[in-house]
Trainee: 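Supplied in structure tokens, the structure appears directly below.
Chain letters run A, B, ... following the sequence lines, proteins first, then strands; residues in each count from 1. Treat the numbers as computed from the prediction; the structure is a model and nothing was measured.
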Amino acid sequence: MQISALIVFLLLFGLVTLLGFIAAHWRKADLNQLNEWGLGGRRFGGWVTWFLLGGDLYTAYTFVAVPALVFGAGAIGFFAMPYTIIAYPLVFAVLPKLWRIAHRHNYVTGADFIRGRYGSPLLGLLVAITGILATMPYIALQLVGIEVVIAALGFPTSGWVGDVPLIIAFVVLAAYTYTSGLRAPALIAVAKDLLIYITIITAVIVIPVQLGGFDKIFHAVPASKLLLAAPPHGSLGSYSAFATLALGSALALFVYPHVLTGALAADNPRTLARNMAFLPAYSFALGLIALLGFMAIAAGVDKMPEYAGYFRHYSSNFAVPALFMHSFPGWFVGLAFAAIAIGALVPAAIMSIAAANLWTRSVYREYIRPDCTDADEARQAKLVSLVVKFGALVFVLSLPATYAINLQLLGGIWIIQTAPAMAFGLYTRWFHRWALALGWLAGMTMGTWLEIGLQFKGAVYPLHMLGTVVPIYIALLTLIVNIGVGFVLTVVFRALGVANGIDETARAEQRALT
Amino acid sequence: MSTSPAGRVTPRLWWRLLLIFPLVTLLTPWYARATPALVGVPFFYWYLMAWVPVSAVCSGVVYLKTRDLI
């Protein structure tokens, strides 16, 4: 690796670290309030929200894993496109409404809302624990993304020396998140997104020119990867897998704790709604990033001896780093790698803040220290944000990377089980709290069991239905079971007259809006 | 203006149906093919890319039409 790449990378990383600490003084307020530390005081306007949510939703995993999937498996990896196409309009229908209720009742997390809406600390606890469980491996995956670029920059990767760069990156991240709270990733997100856009726009102009145009690129892709395989007789094949992966991912999006944290930090619900018209700019970038996978095939980077060792170690996750190293001069490789690494730090920071908020509100204040002051609450969240990050670090250093990816798969299946309580809760109080809790249990159990049955090798289950095989994303399948159980048991519990809790959000004005 | 005294939803909220229009992109069999290609990009890929601005316009129109109800 050229020294110029390393210098540019370190300069940008240093600049971003500085931004992270400066952020504590940005829109200065009392950071000993959870609302200020964990949600930036709910004062981010349109532009900052755009950068923050973009920086939050498009993680290092997006930049590395989506093109890696396209590189390795072909067209199926492009499910990320319909996913983002349907996700933003769905988010439009849900999150501005949640924002309004959360603002009125000082809710900081989705679990806060569910606790209040259903009058059930237990349901809030279940949602909070699910959120923390699903977030941990997600943070770990950000680290895997950083690990790949650190290795590509030529740092040693074996022994304890190999862990040092990653540990330094994480200590820095933990320090400014602790000091500045959500303000840090919000400010850094601006730098991150500028770097990402510069990298992507350059890549999709320069690399196709080098490779002789899109025509040549797509011709180099083997037919089996170019299009979804036509389904065999008696099966919906890759078509239903593709569509359900997109739909399931979109439905899981608005219950991920880090997404809610980013959304609730907006200054008003209109800012959020307006952003759904502008966030697709990132989706367009995502589509282009996905195509980098095909460009890597056309460039043949996996057959180049200088990258063979990396591909052995990181498999197709090394496709994009290798493509950049092959196509760009050293200084630009440094910039692109900084974009990927910083692209991992922003969501990692927001995720750790979100998990800390969940713990503090739904466990600490609910069950451990009900009489805690606002300052105690904020202090607890800051400490927990450190615990969460170092937990993820230990996770990555002690387990093979594939394990993190498996747990991330499971995380998606788990988090979607909190969607019924959240989404239905915004529009109706018809569902019974214990029915929702048992629906959650059914979905969690079935999802985990099916995933173990597949030995974590995928997320698509071949469902046999009326003599046809319907390959379906496990998250979506278990969500349907979850809703079914919730529906049937609600009817039962209502018939039996089981108490359904007191809705603390009930107000005439809200009923009028629904 | 947002709701009538009886709590009924205003007709303008029908615009929100536009939010589920992008679900059309889940009809995979319709577009899982290579032709017609656009500047060398197979149909499957450019069709989905073209949906991105359409989805943005859907959200944008709903925003403009129901801004005061959000």
Side-chain angles (χ1 to χ4, degrees), chain A residues 75 78-79 81-93 96-97 100 208 213-219 221 226-228 230-231 236 238-244 246-247 268-270 272-281 283-284 286-288 290-291 294 508-509 511-514, chain B:
Chain A
F78 220 62
F79 83 85
M81 280 317 277
Y83 157 37
T84 58
I85 289 164
I86 59 181
Y88 292 125
L90 291 180
V91 167
F92 187 120
K97 208 175 170 74
R100 205 170 269 292
F214 278 102
D215 213 9
K216 280 225 168 101
I217 292 170
F218 281 100
H219 267 110
V221 176
L226 189 62
L227 288 175
L228 293 172
L236 296 182
S238 56
Y239 290 175
S240 67
F242 185 85
T244 56
L247 180 60
N268 80 55
R270 275 180 293 281
L272 213 46
R274 197 167 57 238
N275 252 290
M276 296 309 137
F278 294 111
L279 279 167
S283 308
F284 207 77
L286 174 70
L288 298 174
L291 293 182
F294 283 156
E509 49 186 321
R511 274 198 297 275
L513 279 171
T514 55
Chain B
M1 171 76 209
S2 68
T3 48
S4 64
R8 278 221 297 280
V9 177
T10 65
R12 276 194 297 136
L13 282 180
W14 287 106
W15 282 104
R16 289 186 148 212
L17 285 178
L18 268 181
L19 297 177
I20 55 172
F21 178 54
L23 290 176
V24 170
T25 53
L26 295 179
L27 302 173
T28 316
W30 190 83
Y31 57 80
R33 53 195 162 92
T35 52
L38 182 74
V39 291
V41 179
F43 183 71
F44 178 76
Y45 298 95
W46 71 256
Y47 172 80
L48 284 173
M49 295 287 277
W51 258 98
V52 173
V54 177
S55 155
V57 167
C58 287
S59 295
V61 169
V62 178
Y63 174 75
L64 291 174
K65 291 291 179 185
T66 65
R67 183 166 31 188
D68 52 324
L69 306 178
I70 293 167

Trainee: With a 4.5 angstrom heavy-atom cut-off, could you sort out which part of B/V39 is near chain A: side chain, backbone, both or neither?
Mentor: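 For B/V39, the contact with chain A is made by the backbone alone.
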
Trainee: Among B/P42, B/G60, B/A34, which has the most heavy-atom pairs under 4.5 Å with chain A?
Mentor: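 Maximum pair count with chain A is reached by B/P42.
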
Trainee: Hey, what do you get for OG1 (A/T244) to CG (B/L26), rounding to the nearest 0.5 Å?
Mentor: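 Spacing of OG1 (A/T244) from CG (B/L26) equals 9.0 Å.
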
Trainee: Sort out for me which of A/Y88, A/F214, A/F284, A/F92 touches chain B most, counting heavy-atom pairs under 4.5 Å.
Mentor: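 When all of A/Y88, A/F214, A/F284, A/F92 are compared, A/F92 has the most.
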
Trainee: With a 4.5 angstrom heavy-atom cut-off, could you sort out which part of A/L279 is near chain B: side chain, backbone, both or neither?
Mentor: neither

Trainee: Could you tell me which portion of A/F294 (side chain, backbone, both or neither) has an atom closer than 4.5 angstrom to a non-hydrogen atom of chain B?
Mentor: side chain

Trainee: In terms of heavy-atom proximity below 4.5 Å to chain B, should A/I217 be classed as side chain, backbone, both, or neither?
Mentor: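 Neither part; nothing is under 4.5 Å.
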
Trainee: Which region of B/Y31, side chain (C-beta onward) or backbone (N, CA, C, O), has a non-hydrogen atom less than 4.5 Å from a non-hydrogen atom of chain A, or is it both or neither?
Mentor: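 Side chain only.
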
Trainee: Should B/P53 and A/P280 count as side-chain neighbours, where that means a heavy-atom distance under 4.5 Å?
Mentor: no

Trainee: Go through the atoms of A/M276 and report whether side chain, backbone, both or neither lie under 4.5 Å from a heavy atom of chain B.
Mentor: both

Trainee: Look at atom OH of B/Y47 and say whether more than 12 heavy atoms of other residues, nucleotides or ligands are closer to it than 6.0 Å.
Mentor: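 Correct, the count exceeds 12.
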
Trainee: Of the backbone (N, CA, C, O) and the side chain (C-beta and beyond), which part of A/L247 lies under 4.5 Å from a heavy atom of chain B, both, or neither?
Mentor: both

Trainee: Is A/Y239 in contact with chain B via its backbone, its side chain, both, or neither, using a 4.5 Å heavy-atom distance?
Mentor: both

Trainee: So which part of B/R16 gets closer than 4.5 Å to some heavy atom of chain A, the side chain, the backbone, both or neither?
Mentor: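 B/R16 touches chain A through side-chain heavy atoms alone.
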
Trainee: If you look at every heavy atom in A/I86 and B/P22, which pair is closest and at what distance?
Mentor: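 Smallest heavy-atom distance, with atoms named: CG2-O, 3.3 Å.
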
Trainee: Once rounded to the nearest 0.5 Å, what's the spacing between atom CG of A/L228 and atom OG1 of B/T28?
Mentor: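 Rounded to the nearest 0.5 Å, the CG-OG1 separation comes to 7.0 Å.
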
Trainee: Specify the closest pair of heavy atoms between B/Y63 and A/R270, including all atoms of both residues, with the distance to one decimal.
Mentor: CE1-O, 3.6 Å

Trainee: Between B/T66, B/L48, B/L64, B/T25, which residue shows the highest count of heavy-atom pairs closer than 4.5 Å to chain A?
Mentor: B/L48

Trainee: Yes or no on side chain to side chain contact (heavy atoms under 4.5 Å, CB included) for A/I85 and B/V52, after CA distance, side-chain angles and deciding distance?
Mentor: CA-CA 6 Å; A/I85 289 164; B/V52 173; 4.0 Å; yes

Trainee: From B/M49 CE over to A/M81 CE, what is the distance, rounded to the nearest 0.5 angstrom?
Mentor: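 Rounded to the nearest 0.5 Å, the CE-CE separation comes out at 5.0 Å.
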
Trainee: Given heavy-atom pairs under 4.5 angstrom as the criterion, report whether the side chain, backbone, both or neither of B/V61 touches chain A.
Mentor: neither

Trainee: Do the side chain of A/R100 and the main chain of B/I70 share a donor and acceptor less than 3.5 angstrom apart?
Mentor: yes

Trainee: Checking A/A75 against chain B: side chain, backbone, both or neither under 4.5 Å from a heavy atom?
Mentor: both

Trainee: Sub-3.5 Å donor-acceptor pair from the side chain of B/Y45 to the main-chain atoms of A/L226, do we have one?
Mentor: yes

Trainee: Is the number of heavy atoms from other residues, nucleotides or ligands under 6.0 Å of B/W15 CH2 greater than 12?
Mentor: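 Counting other residues, nucleotides and ligands, CH2 of B/W15 stays at 12 neighbours or fewer.
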
Trainee: What is the ring orientation for B/F44 with A/F78, classed by angle as parallel under 30°, tilted 30 to 60°, or perpendicular over 60°?
Mentor: tilted

